[in-house]
**Q** 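Pasting a structure here, questions to come.
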Amino acid sequence: PLGLGMGSGGCGRWEEEKKEDGVKWMQLEHRGPYFVPLYEPLPEDVQFYYDGKPLKLSLATEEIATFYAKMLHHEYTTKEIFQNNFFHDWRKGMTSEEQEIIKDLDKCDFREIHKYFVEQNEARKALPKEEKQKLKEEADKIQEEYGYCILDGHREKIANFKTEPPGLFRGRGEHPKMGMLKKRIMPEDVTINCSRDSKIPEPPEGHKWKEVRFDNTVTWLASWTENINNSLKYIMLNPSSKLKGEKDWQKYEVARRLKDVVHEIRAQYRRDWKSKEIKKRQRAVALYFIDKLALRAGNEKEEGETADTVGCCSLRVEHIQLHPQLDGQEHVVEFDFLGKDSIRYYNKVSVEKPVFRNLQLFMKNKDPTDDLFDHLTTTFLNKHLQHLMDGLTAKVFRTYNASITLQEQLKALTNPEDNVAGKLLSYNRANRAVAILCNHQRSIPKTFAKSMQVLQEKIDTKKKQVEEAQEEVKKAEDEYEDTKDAKAEANVEKKKKLLKRLEEQLAKLNIQATDKEENKQIALGTSKLNYLDPRISVAWCKKFGIPIERIYNKTQREKFAWAIDMAGEDFEF
DNA sequence: CGAGAGACTTGGAAGAATGTTA
DNA sequence: TAACATTCTTCCAAGTCTCTCG
């Protein structure tokens, strides 16, 4: 129904006619969101117990109970806030009779329901091949039908074409709303956006859309308001789409423009450290942090609505400690705060003396919970940046510093003499330098210690094999020494070849172990996907003859198709 | 101009698919 | 070929930044 795909690739895809200012598309046609299936009641023999006695729940109450039951062994359910929020919202959904009975969460027994879902999961996994195949085909059919749209004549993949299922809200960190009920999205909640003359998507049988609009100044296909934070959610295009790709390209072009003026900007904020206006001084110190440490801007947040996290402009006095002297360094600032997603930022940095002096000044006569930059807002900072360079905002510094770091590190670390594995280690190390700069962390994988041990054992085994092979070579050589016959000579060659192969394998394993260890707590994905100009990587691959598949998987290659298309080996960020 | 709405990017974790090993 | 580990993909929360409105 949506017509034939145009495929990706093809020349000229990244340069098409200019659109009017603010206009994002001329044609947009799609099927609307795919609605997740409605709730299916539990079988009769799967029971909920209250105070030790089975209790048959109404459909709505049962559905909410299953949300909790599914998470029963998750750490979330041990948290008091989670329990309270859940219980509060659950009770709101109960009939008055149920409300009369169910008054204490501790008396609720979800274990049988939990067990049921665990078994369902296992049953699904144990399904025969053909059954699995059938399910796969059904999913593919939905993907085919709802997963694509037509935008300006191109068939484009949609990122999230399904509505989010109802469930319990899982915030990150100490989120005050964790455990609250996330409501089911109905067609009546959904606003559709498409082009006026397109085939307007049909709402599901018996339903209607909240609204249909024809706004080509935005890129979303559908939207709804979620009930936890009362904010909008959107259905948008996949990163592989032309629309997103061009935006991505543009982002890196802005960052490249910063490269030309960054020296001047740095000189200016150094001058501003001495400004008579406190506001300017705070701005200059904050900008120094944003530039040097790749901190996020740090918008103000509504207190009590979200986890207590901060960025640069929202740092509080309690988040830094000043050490005139520390570990042989001067003017050390010790940062310790929770950033985005409640990821801890901990860093000790030696700063320039005027910065240190200014910080002392900003902290004077303040409580720990007072804002460090009390005269500064992100709006004020960004206004200033906009004035320094068209399109410049705080986040551009993160993009710029990330990309320039990758480029420099690749230059410094890549040894042309290395084999592919060695070069890839260098690439990962360059990537890692960026991830560390941006504080992209992950929790240590559960199996880390074990798999590290397995790898170490492999290395030990391989070492022994290498030693044995060395002796074999020696033996063969001795024999050749004695006999001087052709057969013995051939044998020497054979043993040497074997040794060489084993040594290579050992080297590869050692590289693997190094890479793994260094990567223990570092998440490379975010920087790779969002901060590193892909043209740097493409150029590096071309220059050193590394196949692009070794650094980008299929999804990443699709997202970065524009860069793979356009970057030559001499690309400079 | 300041708060809130809106649109879009960025983020780690969980779940699914795939690869490897005993 | 089952069990386990690794990689890929999906999920959806949480940021940034601009725009709008009183």
Side-chain angles (χ1 to χ4, degrees), chain A residues 22 24 36 71 74-76 121 124-126 132 135-136 139 143 147 159-165 167 169-173 175 177-178 182 191 193 215 217-220 223 225-226 228-239 243-244 247-248 250-251 296-302 305-307 309-314 338-343 377-383 385-386 391-399 402 435 438-443 445-448 450-452 454-455 458 512 516 521-531 552-556 558-559:
Chain A
K24 308 288 167 63
V36 293
M71 295 177 72
H74 200 286
E75 202 199 327
Y76 273 116
N121 247 329
R124 201 165 39 81
K125 273 184 210 154
K132 276 187 180 164
L135 288 175
K136 176 88 171 44
Q143 166 81 40
N160 55 326
F161 60 91
K162 289 176 183 167
T163 59
E164 292 174 19
F169 176 76
R170 300 146 93 121
R172 317 258 166 84
H175 197 116
K177 297 188 177 186
M178 64 169 87
K182 239 179 79 168
T191 300
N193 192 35
D215 184 355
T217 68
V218 296
T219 66
W220 52 269
S223 70
T225 301
E226 52 88 35
I228 302 290
N229 300 302
N230 225 269
S231 66
L232 284 157
K233 295 247 174 165
Y234 301 94
I235 289 185
M236 286 190 189
L237 292 183
N238 188 275
L243 190 76
K244 292 286 189 190
K247 196 80 194 297
D248 208 34
Q250 220 179 72
K251 174 181 81 184
R296 295 185 188 84
N299 287 308
E300 289 143 291
K301 303 167 71 183
E302 225 178 320
E305 294 290 301
T306 60
T309 64
V310 296
C312 186
C313 293
S314 50
L338 297 182
K340 184 178 180 182
D341 293 317
S342 294
I343 300 290
T377 64
T378 53
T379 311
F380 180 65
L381 174 63
N382 279 333
K383 282 257 168 65
L385 294 176
Q386 184 59 241
L392 186 60
T393 63
K395 83 195 259 284
V396 178
F397 281 87
R398 249 168 103 79
T399 313
C438 293
N439 199 40
H440 292 142
Q441 300 186 34
R442 60 167 181 175
S443 44
K446 285 187 285 289
T447 56
F448 185 84
K450 203 176 143 204
S451 69
M452 203 63 204
V454 169
L455 190 54
K458 264 194 203 168
Q512 222 183 75
K516 201 182 179 89
Q521 301 193 66
I522 312 289
L524 299 183
T526 297
S527 50
K528 203 171 186 177
L529 239 47
N530 300 302
Y531 288 102
Y552 289 143
N553 67 32
K554 184 166 148 279
T555 315
Q556 292 164 340
E558 280 167 11
K559 166 164 177 165

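Throughout, protein chains are lettered first and strands after them, A, B, ... in sequence-line order, and every chain is numbered starting at 1.
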**Q** Under 4.0 Å, heavy atoms only, any strand: does A/Asp341 hit a base, just the sugar-phosphate, or nothing?
**A** sugar-phosphate
**Q** Partners of A/Lys182 by side-chain contact (heavy atoms from CB on, under 4.5 Å), sequence neighbours excluded?
**A**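 For A/Lys182, the residues satisfying side-chain contact (heavy atoms from CB on, under 4.5 Å) (neighbours in sequence not counted) are A/Glu164, A/Asn227, A/Ile228.
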**Q** Under 4.0 Å, heavy atoms only, any strand: does A/Lys458 hit a base, just the sugar-phosphate, or nothing?
**A** sugar-phosphate
**Q** Let me check the geometry of the helix from B/dC1-C/dG22 to B/dA22-C/dT1. What is the bend angle between the axes at its two ends, five pairs each, to 10°?
**A**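 Comparing the axis at each end, I get an angle of 0°.
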**Q** Please work out if A/Gln441 contacts a base, only the sugar-phosphate, or nothing of the nucleic acid, heavy-atom cut-off 4.0 Å.
**A**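 Sugar-phosphate contact only - A/Gln441 comes under 4.0 Å of backbone atoms but never of a base.
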**Q** Sequence neighbours left out, what passes side-chain contact (heavy atoms from CB on, under 4.5 Å) with A/Asn121? Give chain and number order.
**A** A/Arg124
**Q** Under 4.0 Å, counting only non-hydrogen atoms across every strand here, what does A/Ala394 touch: a base, just sugar-phosphate, or nothing?
**A** sugar-phosphate
**Q** Report, as yes or no, whether the 6.0 Å neighbourhood of atom CD on A/Glu305 holds more than 12 heavy atoms from other residues, nucleotides or ligands.
**A**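 For A/Glu305, atom CD is crowded (more than 12 foreign heavy atoms under 6.0 Å).
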**Q** So what does A/Lys132 hit on the nucleic acid, given a heavy-atom distance under 4.0 Å: a base, only sugar-phosphate, or nothing?
**A** nothing
**Q** Could I get the full list of side-chain hydrogen bond (donor to acceptor under 3.5 Å, both in side chains) partners for A/Thr399, not counting sequence neighbours?
**A**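 side-chain hydrogen bond (donor to acceptor under 3.5 Å, both in side chains) list for A/Thr399, sorted by chain: empty.
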**Q** Reckon A/Ser443 touches a base, only the sugar-phosphate, or nothing at all at heavy-atom distances under 4.0 Å?
**A**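 If one applies the 4.0 Å heavy-atom cut-off, A/Ser443 turns out to touch the sugar-phosphate alone, with no base involved.
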**Q** Going through the checks in order, is the side-chain hydrogen bond (donor to acceptor under 3.5 Å, both in side chains) test met by A/Glu300 and A/Ser314?
**A** CA-CA 6 Å; A/Glu300 289 143 291; A/Ser314 50; over 6 Å; no
**Q** Would you mind telling me which of A/Asn530, A/Leu524, A/Leu529 makes a side chain to side chain contact (heavy atoms under 4.5 Å, CB included) with A/Thr526?
**A** A/Asn530
**Q** Please list, in 5' to 3' order, the outermost nucleotides of DNA chain B lying under 4.0 Å from any heavy atom of chain A.
**A**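 Answer, 5' to 3': B/dG6 to B/dT21.
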**Q** Look at all strands and tell whether A/Gly525 reaches a base, only sugar-phosphate, or nothing, counting heavy atoms closer than 4.0 Å.
**A**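 It contacts nothing in the nucleic acid.
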**Q** Need one value for A/Thr378: base, sugar-phosphate or nothing, where a base atom within 4.0 Å counts as base even if backbone is also close, heavy atoms only.
**A**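 Contact class for A/Thr378: none.
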**Q** Name the residue closer to the 5' end of DNA chain C, choosing between A/Val396 and A/Lys233 according to the nucleotide with the nearest heavy atom.
**A**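 Nearest-nucleotide comparison on DNA chain C picks A/Lys233.
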**Q** When we call it a touch if two heavy atoms are under 4.0 Å apart, what does A/Lys125 touch: a base, just sugar-phosphate, or nothing?
**A**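 Since no nucleic acid heavy atom lies under 4.0 Å of A/Lys125, the category is nothing.
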**Q** When all nucleic acid strands are considered with a 4.0 Å heavy-atom cut-off, which category describes A/Lys24: base, sugar-phosphate, or nothing?
**A** sugar-phosphate
**Q** At 4.0 Å (heavy atoms only), tell me whether A/Thr219 reaches a base, stays on the sugar-phosphate, or touches nothing.
**A** sugar-phosphate
**Q** What's A/Tyr234 touching, base or sugar-phosphate or nothing? Going by heavy atoms closer than 4.0 Å.
**A** base
**Q** Using a cut-off of 4.0 Å on non-hydrogen atoms, how would the nucleic acid contact of A/Gly311 be classed: base, sugar-phosphate, or nothing?
**A**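 Answer is nothing: A/Gly311 stays at 4.0 Å or more from every strand.
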**Q** Here's a test of your reading of the structure: between A/Asp215 and A/Lys446, which maps to the more 5' nucleotide of DNA chain B?
**A** A/Asp215
**Q** Quick one: side-chain contact (heavy atoms from CB on, under 4.5 Å) partners of A/Thr379, sequence neighbours excluded?
**A**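 Listed in chain order: A/Thr377, A/Lys383.
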**Q** Between A/Ser342 and A/Thr163, which residue's closest nucleotide on DNA chain C lies nearer the 5′ terminus?
**A**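 Nearest-nucleotide comparison on DNA chain C picks A/Thr163.
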**Q** Name the first nucleotide and the last nucleotide along DNA chain C (5' to 3') that come under 4.0 Å of a heavy atom in chain A.
**A** C/dC4 to C/dT18
**Q** Does A/Lys340 have any salt bridge (charged side-chain N to carboxylate O under 4.0 Å, His left out) partners at least two apart in sequence or in another chain, and if so, which?
**A** none
**Q** Going by side-chain hydrogen bond (donor to acceptor under 3.5 Å, both in side chains), name the residues that satisfy it together with A/Asn193, two or more places apart in sequence or in a different chain.
**A**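 Listed in chain order: nothing, the list is empty.
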**Q** CG of A/Asn238 to OG1 of A/Thr555: how many Å apart, nearest 0.5 Å?
**A** 8.0 Å
**Q** Heavy atoms under 4.0 Å, any strand shown: does A/Pro165 hit a base, just sugar-phosphate, or nothing?
**A** sugar-phosphate
**Q** For A/Tyr531, give me all partners under ring pair (Phe, Tyr, Trp, His ring centres under 6.0 Å), at least two apart in sequence or on another chain.
**A** A/His440
**Q** Suppose we screen for ring pair (Phe, Tyr, Trp, His ring centres under 6.0 Å). Which residues come up paired with A/Phe169, at least two apart in sequence or across chains?
**A** A/His175
**Q** Quick one: list whatever passes side-chain contact (heavy atoms from CB on, under 4.5 Å) with A/Ser223, sequence neighbours left out.
**A**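 Applying side-chain contact (heavy atoms from CB on, under 4.5 Å) to A/Ser223 gives A/Thr191, A/Trp220, A/Leu232, A/Tyr234.
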**Q** With nearest nucleotides of DNA chain B determined for A/Arg124 and A/Val218 from heavy-atom distances, which residue corresponds to the more 5′ nucleotide?
**A**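 This one resolves to A/Val218.
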